[in-house]
Every structure is written in structure tokens, then in C-alpha cells.
Student: 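One structure, pasted below without further comment.
Each chain gets a letter, A, B and so on, in the order the sequences are listed, and its residues count up from 1. All figures in this text were calculated on a predicted structure; none of them were measured in a lab.
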Amino acid sequence: MERSAIRQISGWLWEIPRSYRSDMRVPARFYASEAMLEQILADRSLEQLVNVATLPGIVGFALAMPDIHEGYGFPIGGVAAFDPDAGIISPGGIGYDINCGVRLLATSQPFESVREKIPDLVKEIYRQVPSGVGHGNRITFSSKQLEQILRDGAPRMVAFGYGEPEDLGHIESGGVIDVADPSKVSQYAKQRGGDQLGTLGTGNHFVEIDRIDAIFDQEAAVRMGLFEGQIVIQLHTGSRGLGHQIATDYIRVMNRAMPKYGIEVPDRELACAPFCSPEGQEYFSAMSAGANFAWANRQLITWEIRQAWRAVVGDDPLRVVYDVAHNIAKVETHEIDGHRRQLLVHRKGATRAFVGQPVIIPGSMGTASFVLEGGLASMHESFGSSCHGAGRRMSRTKAKHMVQGSQLRQELEAIGVSVQAGSMQGLAEEASAAYKDIGEVVSTVVSAGIARKVVRLVPVGVMKG
DNA sequence: ATGTCC
């Protein structure tokens, strides 16, 4: 997109007005610093954002966070809210990895007391948490148990003995969406993902051990049980092959259904159906079941990490600080022009950031991460949403040509990060050079008042599929 | 992201 198409609203907010293209129903807005603009203009993400602004029933603005980059149909880093009666639901607005998200676990140990054990801990986590593409788990569930997990999410996983009841109070939506309907999930999806509970996957999914190296808001940090020097563990994964197959199944359904509803979209990848239509409701029920699977997955991985921690460090309990979804659509109440309205909010590579809620923002590999807290502007401007991470700026293909995985591993070890990875090529694709600067992304949403900084984390160990 | 093309 040309720079001239964009109008600057403030030091952190930009707008593509409706006049840009005749089919736009609302303006598009995105959060970015001046320095990030060139990067954002370089790929098709803003054209994708304009495409989102054309979808039936969209309310307010088609929005994007500073970690915006190109995705399937909708840009990653995008937020779009729709009228539940007049609007659509689109699998591309959620992503193939339904309820990809991040969980943060807190230990009670300062870095100094476990420093020597970190390499062994990373190795043990790698042993306990299966990873890699297509890989299942030795812990399995019957088809009846899988149905229960799809319906009941993380609470069902805790009921099966994997976790503590108090974990559930520290998960977005309690780790379950109650409209989930396992009967709307295909047998094929259940077959693909049914043995993948408690597994990490690959790509940008990881388990990372971090040290808290800066406190920005002492009061909020105390409230979250976080202190300087503390060892914490981040876990990033989603719904694995099951969610991927739900997306695949319903993109096909919606492509076939669109003519029936007279919906025309500027890009096939925006396949959608009216939210209130049978196809829309079936996808919403299946997507919610996929979201529940992802929360159950992160719950079981938490249990596996606790096993590893116990084996290497000791009996010290690991506490769930919070668990956020960043690929999901939910019905929420938001205030629009002074009126409270029910809206279907799509977040794709965007994190819910309600006021006071912990917002976990992983950086790229080897760089800092942040824990934020939702701010007031999030409720007024971004449908209760913030950014979700650094955001890719280089394709996987380009990254693996530019970076040697084994050399990257050495560099990470040299700066004090223990590494366990299933594939050196996979590691190269996740090099920090392939990502935007997390500090710039975070300071943009902080300037906007969408979120406030609470603590910064620096990595001391990372495990990848 | 993904048994990285049924």
C-alpha cells in the first residue's frame, strides 16, 4: 500500500479512510510507531485489513495491532467486531490454529538458586512435552473423554487429574467456552488431533524459561505474584491438528455457502457465513470446541512441565499466572457510541486485554517478553484487545536462507539461553532477525493506553519442536 | 499454524 493512502491520527494510530476503496463499510485503523510504518507497508497486510473492512456487519473499524503482518485472508494482529444479527463469522479471522495462546507459570525460585539446573530443566521439559509436526502423546484419552474435553475444556482436564482447581481461575474465560459442540467437529479432525493433547507442535510454538529482569508496576506485579529475579515459564501452543482440521473443514463449507447468502468477498480466503446462519453457528460451535481443546492442551502441558520441574528442581509448586487466547472469536459486550452492544469479536494474533487483565506478550526467540495489564483505551478503542507478540517481518523461507540453525543455537547458548530443539531448520525460521522489535510493539500499545507494562522477562532456556 | 499437497 502507498504511504499516501494513510492518514496519521496520532503518534501511534493510523487510518485508511473509507474513501480508499468503494467497497469499505468502515475505515481501517492500525496502531504503529512512525518507525514501524515502512515495515508494515512492505507486505500485503494493510490491503488485507482493507478487505476485512468490506465484510458484512463489521462495526467501528477494521483494526490491527503493531505486530500486524500478512496472514490467511485476515492479517495477523487483526481485530474485527461484527453485529451478531447482521454480521458474519469467518475462519480466516481466527486462523488455522484455533485458540493458539500463551500461558505463564510462576515458580517461587529466584534465578540464582536454580541457575545451574536450567540446562537439565530444559532437557527434562523436552522429554516430558512431546513436540514436532504430527506427533502424538503417550498420555491418551478415550473418544468419550475427548468429547468431554471438547465440551468442557481445561476444567475437564483438571477433573481428569491434570492440574489444580485453582489453575482454572487464572485462565481467560476459565478455560472453557460453553457454546462448544463436539458433534460439529468432524471425525477426521478428532482423529487427527485426538492423540495430540499435551503436545507442543512446531513453528513458533515453544516452552521458555525466563527470569524477570525489570518491574515497571510494582503494585500490579505484586498482585500477579511476580518479583524481580523470579524464574517463570511461558508456554505457547494451540489446538494442533484438531483445530487445523476444523478450520479446513469450515472454510470449505463457507466457500460453498456464500452464494446462498449473497455474500461476495474481495479474497477467497475471507470465506465466511452470516453468524446467525446454520453454517455460521456450526462453525462457532466447532471453533469453540477447538478452543476448549487448546486450553485442555495447555493444561496438560502445564502438568508435564510440573513433572519436569519436580524431577529437576523439587516439590516447589508452579502457579498459573494467566492463560490468554490470541486466535479466537467470542461474543462479548462492548460500549459503542455510548450504547452497550453484544458483538462477535474476532481476534487473530491479538490478545484480549480487558482492564486489569494480565496480557502475556512473548518476544521472539532470545529476546525479552513482557507481561502487561489491560488499559482503559482497550475498552474504548480496540474491543478489549492488545497485541500478541513481536510479529513476523521475514518469511520462514527467507529466514532459513539467511540463518544457520546450528549457529543460531550457539549464539543463544553464548548469551546464556539453554536450547533444546527438534529441528535446526525450524530453529532458524524462528530467529529474532525474522521478527519485529518487541520493545517497539509493546511501547506502541502502551502509548495508546491499550495496556500498561508490568514486568519484563529475559530468556534463560527455550524448548522448540 | 499444519501428518507443511488428498
Side-chain angles (χ1 to χ4, degrees), chain A residues 43 45 48 67-78 90-103 129-137 140 185-207 235-253 255 268-269 271 286-287 290-291 293-295 297-298 301 324-329 346-351 362 364-365 388-401 405 421-431 434-435 464-465:
Chain A
D43 70 15
S45 55
Q48 291 187 320
D67 47 345
I68 182 175
H69 58 109
E70 240 180 271
Y72 180 88
F74 288 55
I76 295 161
S90 174
I94 289 139
Y96 274 90
D97 191 4
I98 294 163
N99 191 4
C100 188
V102 195
R103 181 176 289 206
V129 184
S131 64
V133 74
H135 288 188
N137 200 342
T140 56
V185 177
S186 68
Q187 281 308 315
Y188 188 39
K190 290 169 186 167
Q191 179 198 317
R192 257 185 86 174
D195 67 345
Q196 294 180 334
L197 284 156
T199 71
L200 191 67
T202 182
N204 64 3
H205 291 164
F206 64 82
V207 178
L235 153 61
H236 177 216
T237 188
S239 51
R240 311 285 285 101
L242 182 130
H244 191 276
Q245 192 59 44
I246 292 171
T248 304
D249 290 341
Y250 281 93
I251 286 167
R252 187 177 296 126
V253 166
N255 261 315
R268 259 185 81 81
E269 295 183 353
M287 185 276 299
F293 182 92
W295 271 314
N297 186 28
R298 291 197 285 276
I301 293 176
V324 292
H326 56 221
N327 282 12
I328 201 163
H346 291 63
R347 296 192 182 96
K348 182 191 195 178
T351 307
S364 52
M365 198 170 44
H388 86 307
R392 189 169 272 284
R393 64 171 180 170
M394 190 188 288
S395 70
R396 293 182 179 280
T397 316
K398 193 173 172 196
K400 69 190 170 205
H401 284 301
S423 127
M424 282 305 118
Q425 186 175 295
L427 198 69
E429 290 177 3
E430 294 305 317
Y435 282 84
K464 297 196 64 78

Student: Would the A/His236 and A/His388 ring centres measure less than 6.0 Å apart?
Tutor: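 No.
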Student: Considering all heavy atoms of both residues, which atom of A/Leu197 and which atom of A/Asn137 are nearest to each other, and what is their separation?
Tutor: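 Answer, listing the atom of A/Leu197 first, then A/Asn137: O-ND2, 2.8 Å.
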Student: Starting at atom CG of A/Asn297, determine the distance to atom P of B/dT2, rounded to an integer number of angstrom.
Tutor: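 Going from A/Asn297 (CG) to B/dT2 (P), I get 10 Å.
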Student: What is the distance, to the nearest angstrom, from the CD1 atom on A/Ile251 to the C1' atom on B/dC6?
Tutor: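 It works out to 16 Å between those atoms.
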Student: Students often get this wrong, so: under 4.0 angstrom with heavy atoms, is A/His135 touching a base, only sugar-phosphate, or nothing?
Tutor: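 Nothing: the residue A/His135, judged by heavy atoms under 4.0 Å, touches no strand.
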Student: When you measure from every atom of DNA chain B, which of residues 238-249 of chain A have a heavy atom less than 4.0 Å away?
Tutor: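 Output list: A/Arg240, A/Gly241, A/His244.
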Student: So which one's nearest nucleotide on DNA chain B is more toward 5', A/Arg252 or A/Arg392?
Tutor: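 Its nearest nucleotide lies further toward 5', so the answer is A/Arg392.
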Student: How many Å lie between OH on A/Tyr96 and C1' on B/dT2, as a whole number?
Tutor: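 A/Tyr96 atom OH is separated from B/dT2 atom C1' by 9 Å.
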Student: What is the distance, rounded to the nearest whole Å, between atom OH of A/Tyr72 and atom C1' of B/dT2?
Tutor: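 So the two atoms are 13 Å apart, to the nearest Å.
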Student: Please work out if A/Gln196 contacts a base, only the sugar-phosphate, or nothing of the nucleic acid, heavy-atom cut-off 4.0 Å.
Tutor: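 Counting heavy atoms under 4.0 Å across all strands, the contact made by A/Gln196 is with sugar-phosphate only.
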Student: Got a sec, which residues hit side chain to side chain contact (heavy atoms under 4.5 Å, CB included) with A/Gln425, two or more places apart in sequence or on another chain?
Tutor: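 For A/Gln425, the residues satisfying side chain to side chain contact (heavy atoms under 4.5 Å, CB included) (neighbours in sequence not counted) are A/Lys400, A/Ser423, A/Glu429.
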Student: Answer whether the closest heavy-atom distance between the side chains of A/Glu430 and A/Tyr435 falls below 4.5 Å.
Tutor: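 Counting from C-beta outward, A/Glu430 and A/Tyr435 do come under 4.5 Å.
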Student: Could you list the residues that satisfy salt bridge (Lys or Arg N to Asp or Glu O under 4.0 Å) with A/Arg240, not counting sequence neighbours?
Tutor: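 Salt bridge (Lys or Arg N to Asp or Glu O under 4.0 Å) check on A/Arg240 returns nothing, list empty.
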Student: CD1 of A/Ile94 versus C1' of B/dT2: gap in Å, rounded?
Tutor: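 Distance, rounded to whole Å: 17 Å.
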Student: Quick check against the 3.5 Å criterion: does A/Asn99 have a side-chain atom that pairs as donor or acceptor with the backbone of A/His326?
Tutor: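 Looks like no, no N/O pair under 3.5 Å.
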Student: Check every strand shown and say whether A/Gly203 touches a base, only sugar-phosphate, or nothing at a heavy-atom separation below 4.0 Å.
Tutor: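 A/Gly203: backbone/sugar contact only, no base atoms under 4.0 Å.
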